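Data block below; observations after.
What you are looking at is a predicted structure, and each value in this text was computed from that prediction instead of being measured. Note: hydrogens, waters and symmetry copies are ignored here, and every other heavy atom, side chains too, is used.
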Amino acid sequence: MEIDYAGLKHFGVDGEPIGAYRVGEFLKIPGVVVDELAPGQHVDFVTLRVRHEGKGVVSFAKSHHAFVELLRLEPGDAFLLYCTCPIVDKFLVITREGETVKLIYKRL
């Protein structure tokens, strides 16, 4: 896993790598959403957009600005992003399974 912490701070977010056990704990939260992103797809969380570039590369953008690559996940990797976006309840877990990136979060 490669992480650009300075880039994350530029977007006003922080986070940490997590293991499979913690991913499982987040999946137990009632009402949790799991979005699968194929390469080229993105999710817009109003103040932050998250896009899967392919091969585990995840990029971020604010509103209508350009995407910046900040994470590179290997299969099985997971990253917990402390997120304060208007529609996300405090966390966004980003995982990679094969060529698919999954976003795990709870809507407000």
Carefully, step by step, assess Phe91 and Tyr82 under the rule ring-ring contact (aromatic ring centres under 6.0 Å, His included).
CA-CA 5 Å; Phe91 73 88; Tyr82 310 125; 10.0 Å; no
Start with the C-alpha distance between Val13 and Phe60, add both sets of side-chain angles, then the distance that settles side-chain contact (heavy atoms from CB on, under 4.5 Å), and finish with yes or no.
CA-CA 11 Å; Val13 295; Phe60 298 85; 5.8 Å; no
Passes side-chain hydrogen bond (donor to acceptor under 3.5 Å, both in side chains), Glu69 versus Ser59? Steps please.
CA-CA 4 Å; Glu69 295 177 4; Ser59 61; over 6 Å; no
Please report the C-alpha distance between Ile3 and Leu70 in whole Å, then the side-chain angles of each, then the deciding distance to 0.1 Å, and finally whether the side-chain contact (heavy atoms from CB on, under 4.5 Å) criterion is met.
CA-CA 6 Å; Ile3 306 158; Leu70 299 178; over 6 Å; no
Using the rule given for side-chain contact (heavy atoms from CB on, under 4.5 Å), can you reason through Phe26 versus Val32, listing the C-alpha separation, both sets of side-chain angles and the distance that settles it, and then say yes or no?
CA-CA 8 Å; Phe26 281 102; Val32 74; 5.6 Å; no
Which is it for Ile18 and Val23 under the side-chain contact (heavy atoms from CB on, under 4.5 Å) test, yes or no, and what are the steps along the way?
CA-CA 7 Å; Ile18 60 173; Val23 172; 3.8 Å; yes
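Phe67 and Arg49 make their closest contact through CE1-NH1, 3.6 Å (heavy atoms, listed as atom of the first residue, atom of the second, distance). Across all their heavy atoms, Pro39 and Gly54 have their closest contact at CB-CA, 3.8 Å. In plain terms, the two heavy atoms of Tyr5 and Gly15 that are nearest each other are CE2-O, 3.5 Å. Here the closest non-hydrogen pair linking Val101 and Gly56 is CG2-CA, 4.5 Å.
At distances below 3.5 Å, at least one donor-acceptor pair connects side-chain atoms of His52 with backbone N or O atoms of Leu37.
Asp77 contributes atom CG, which lies 3.5 Å from atom CE of Met1 (distance to the nearest 0.5 angstrom).
By the 4.5 Å heavy-atom criterion applied to side chains, Leu48 and Leu81 are counted as neighbours. The shortest side-chain heavy-atom distance between Lys102 and Glu97 falls under the 4.5 Å cut-off.
For the side-chain contact (heavy atoms from CB on, under 4.5 Å) with Leu92, the lone residue among Ile104, Leu80, Val50 that qualifies is Val50.
Ion pairing between Arg22 and Glu25 fails under the 4.0 Å rule for side-chain N and carboxylate O. Salt-bridge formation is detected for the pair Arg51/Glu53: a Lys NZ or Arg NE/NH1/NH2 atom is positioned less than 4.0 Å from an Asp or Glu carboxylate oxygen. With salt bridges taken as basic N to acidic carboxylate O contacts below 4.0 Å, one links Lys9 and Asp14. Under the 4.0 Å criterion applied to side-chain N and carboxylate O atoms, Glu99 and Lys55 are not assigned as salt-bridge partners.
Below 30°, between 30° and 60°, or above 60°: for Tyr105 and Phe45 the angle between ring planes is above 60°, a perpendicular geometry.
Under a hydrophobic clustering in which Ile, Leu, Val, Met, Phe, Trp and Tyr are joined whenever their side-chain heavy atoms come within less than 4.5 Å, directly or via other members, Phe79 and Val57 fall into different clusters.
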